[in-house]
Every structure is written in structure tokens, then in C-alpha cells.
Amino acid sequence: MSFPFFSKLRNKKAHLKTIREELDKVRRAIEAQTEHFSPYVRDYMRQICKARGKMIRPGLVLLTAAATGGIRDRHITFAALLEMLHMASLIHDDVLDKADTRRDAPTPNALWGNELAVLLGDSLLAQAMVMGADIGDTRFIRRMAVAVRDLCEGEVEQSTRLWDPDMSRADYYELIRKKTATLFAMAMSGAGYLQELDEELIGQLNRMGTLLGISYQIYDDCLDLTGDDTAAGKTLGTDAEKGKLTLPVFFLMESTSEDVAEQVRRAVEQHEEINYAHLRDTEAFAEAIRRSVDEGLARNAEAREVLWLLPESPAREALAEMTYRLDELLQDCCTD
Ligand code: FPP
Ligand code: MG
């Protein structure tokens with residue numbers, strides 16, 4: 001199926017333009033939350049909340065709301081709390097991955113040590129939950145708690161399956177669905193829920209968010225092997241160091257180049273870091289990235305199909321543009 005009226009990156013920032021004011025409101029809502037902390041905690045929180053992220057999850061909330069009847073105050077609160085949840089999870093993730101840079105700035109663990117970073121992540125998570133409770137809908141707060149549980153479960157599965165030769169590609173997809181796609185799905189379906197859409201459409205929005213979240217993590221996993229720390233603004237290469245089995249690793253183990261497949265399988269079995277310095281220029285590496293990128297592109301195309309269920313609007317167009325932007329990011333990872 002083709003999408004004649006979904007523009008292909010006609011204007012890369014168009015999707016942000018349609019929600020620029022509301023995104024500013026979200027940023028201000030996050031900054032305002034730092035005032036709820038005691039003076040001992042507040043300065044740390046201010047510093048954490050100052051770092052500018054890509055605001056993908058708030059963007060998905062706002063655009064979904066705008067495409068289904070309009071952005072309400074509760075969408076701003078929801079977008080802010082979702083970004084805070086995401087920030088909390090990244091603070092913990094950077095402790096686990098021993099990463100010292102994120103969003104072009106030193107991570108909390110690099111600045112203040114692991115102990116304080118974990119506690120600050122917990123505090124931010126708790127404040128996000130307070131905001132969720134303030135929305136005043138038990139069903140909604142339950143869904144959010146389930147999303148956080150899934151997110152944590154995904155991380156536990158990842159931590160317990162490092163270098164695991166029994167891990168399958170299906171296990172990988174389930175793991176990234178939990179650790180990354182959960183918040184994307186929550187962003188879109190939660191926006192739909194707060195808009196009081198029917199269950200069927202909320203389910204479809206959840207599916208679209210899941211597809212985009214999986215595709216985004218595939219991109220992130222390719223970037224970890226092909227990107228550059230300075231351009232990415234964060235520490236890369238940690239997946240290989242830790243023994244995370246990401247999609248390109250599965251494709252390397254299945255490579256038609258027997259030498260490469262054997263080398264990678266042996267490294268995984270012996271819990272050794274895969275030697276990418278030797279692999280990066282090979283045909284097999286380029287093919288593994290290309291196959292991974294294709295998996296992401298296929299999910300983006302499937303995600304775009306859901307947009308047909310929404311009425312034509314600039315916000316729907318902007319959502320389509322976001323999916324094309326993700327296509328482009330994925331394609332930029334290709335080394336062939
Ligand atoms: C980034 O993965 C991390 C996640 C998608 C989720 C992290 C979740 C936790 C640590 C559980 C704790 C959760 C809360 C809410 C406190 P990555 O390492 O692949 O990506 P990166 O390259 O951006 O670091
Ligand atoms: Mg990480």
C-alpha cells in the first residue's frame with residue numbers, strides 16, 4: 001500500500017512546528033516539577049531536567065491528541081510525566097551501562113556516582129507517578145504502572161541474558177518491546193484514552209506505538225555499532241562491551257560468511273567482546289546492519305497504515321513525517 005498524501009520529509013521539522021507551543025508547555029511542566037523536591041534534592045533535579053532530549057514520547061502524545069480531537073491540559077501533564085519516566089529509566093540505564101555521556105552532557109552516575117544516580121532516578125519515577133495519580137483516573141494509573149513494570153522486566157531480562165547463546169531473535173524482539181516500545185505504545189494509546197476514543201482505536205494506536213518503539217530500538221542498536229559518540233551525544237559501544245545480543249549480532253551469527261558467523265558465535269559462547277574493529281569493513285557486517293535496518297523499515301511501514309484510521313489533519317501528516325524521519329535515521333546506519 002502506498003501513501004500518496006503522507007509527505008516524505010517535505011519539511012523535516014514540520015511535525016515539531018505543529019506542536020511547538022505545547023512542547024514548550026511540556027518542558028515548563030517538567031521544570032515546574034523540580035519545585036516539589038526538598039532543597040537537598042532540588043538542585044540535582046534541576047540539573048537533570050535541564051538536559052534536552054529529543055522529546056519523542058511527548059511528541060507522540062501531543063500529535064496523537066491533536067490528530068484525534070485536540071490537545072487538552074491532561075495531555076500536557078501526561079506528556080511531561082512520560083518524559084520524566086523515560087528520564088528516570090535512562091538514569092538507571094546509564095548506571096547499568098556505565099555510560100558517562102547522554103544528551104551531550106555528563107550522566108548523573110558520572111557526576112555524582114552510582115548510588116546517588118539510582119536514588120535520583122527513583123525520585124523522578126516517584127514524582128512521575130504522583131503526576132499520573134493527579135490525572136485522577138484509576139484505570140489510567142494502572143495502565144501506567146503496568147507499563148513501568150514491563151519496562152523494568154525488559155531490563156531484567158536483558159541483564160540476565162547477556163552473552164546467552166540460547167537467546168533467540170524472538171526473545172530479542174520481546175525484550176525490546178518491553179524495554180523501549182512500552183513507552184511509545186503508552187504515549188499513543190494513553191493519549192487516545194485521555195481523548196476518550198473507542199477501545200478499538202486505542203488498541204490500534206497501541207499497535208502503532210509498539211511498532212515504532214521496536215523500530216526505534218533497532219535503530220539505537222545499529223547506532224551503537226555504527227555511530228560516533230560525539231554526533232550521537234551519548235556513550236556508544238556499550239552493547240558489545242556488556243554482551244547484549246542485539247539484532248545485528250543475530251544476523252552476524254547467521255551470516256553466509258562462515259568465518260564471520262563462526263567468530264561471532266564463538267565470542268558469544270565464550271563471553272568475549274565481539275571484535276568489531278575487524279568486522280566493521282566486512283561485507284558480512286554491512287549485510288547484518290542492512291538486514292536489521294530492513295526490519296525497522298518494515299515496522300515503520302506497518303505503523304503508517306494505522307494512520308488511515310485517523311481523519312486527515314496536519315497532526316496526522318506530522319505523525320507520518322515522524323515515521324519517515326525514523327526511516328531516514330535507520331538508513332543512515334547502513335555502511336554499504
Ligand atoms: C535504554 O536502552 C534504556 C531503556 C530503553 C530502558 C531502561 C529501563 C530501566 C533501567 C528500568 C528502570 C526504569 C525506571 C522507570 C526507573 P539502551 O541502553 O539500549 O539505549 P541507550 O543507547 O540510549 O543507552
Ligand atoms: Mg544504555
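Counting convention: from 1, in listed order, for ligands and their atoms alike.
Proximity of Asp97 to ligand 1, defined as any heavy-atom pair under 4.0 Å, is confined to the side chain (atoms from C-beta onward).
Within the listing of ligand 1, atoms 19 (O) sit less than 4.0 angstrom from a heavy atom of Gln217. For ligand 1, the atoms sitting less than 4.0 Å from at least one non-hydrogen atom of Thr180 are 5 (C), numbered in the order shown with element in parentheses. Atoms of ligand 1 lying under 4.0 Å from any heavy atom of Lys234, numbered from 1 in the order shown and given with element: 21 (P), 22 (O), 23 (O).
Draw a line from the Mg ion (ligand 2) to OD2 of Asp93 and another to OD2 of Asp97, and the angle between them is 100° (to 10°).
Taking 4.5 Å as the limit, every side-chain heavy atom of Glu31 sits out of range of all side-chain heavy atoms of Arg46.
Gln331 and Asp327 form no side-chain donor-acceptor contact under 3.5 Å, judged by distance and modelled atom types alone. Side-chain contact, Asn206 with Ser189: a donor N or O sits under 3.5 Å from an acceptor N or O.
None of Asp104, Asp97, Asp229, Asp220 except one satisfies the side chain to side chain donor-acceptor pair (under 3.5 Å) rule with Lys234; the exception is Asp220.
Hydrophobic clustering keeps Leu211 apart from Tyr324 (ILVMFWY residues linked when any side-chain heavy atoms are closer than 4.5 Å, directly or through intermediates).
Distances from atom 10 (C) of ligand 1 to the heavy atoms of Lys244, Glu155, Arg102, Lys178 put Glu155 nearest.
The pair Glu157-Arg177 does not meet the salt-bridge criterion, since no charged nitrogen lies less than 4.0 angstrom from a carboxylate oxygen.
Considering only non-hydrogen protein atoms, atom 16 (C) of ligand 1 sits nearest to His92 ND1, 3.4 Å. Counting only heavy atoms of the protein, atom 20 (O) of ligand 1 lies nearest to Asp220 OD2, 3.1 Å. Shortest contact from atom 13 (C) of ligand 1 to any protein heavy atom: Ser89 CB, 3.6 Å.
We find the OG1-CZ distance between Thr256 and Phe251 to be 12.5 Å, quoted to the nearest 0.5 Å.
Residue-to-ligand polar distances place Lys179 within reach of ligand 1: an N/O pair is separated by less than 3.5 Å.
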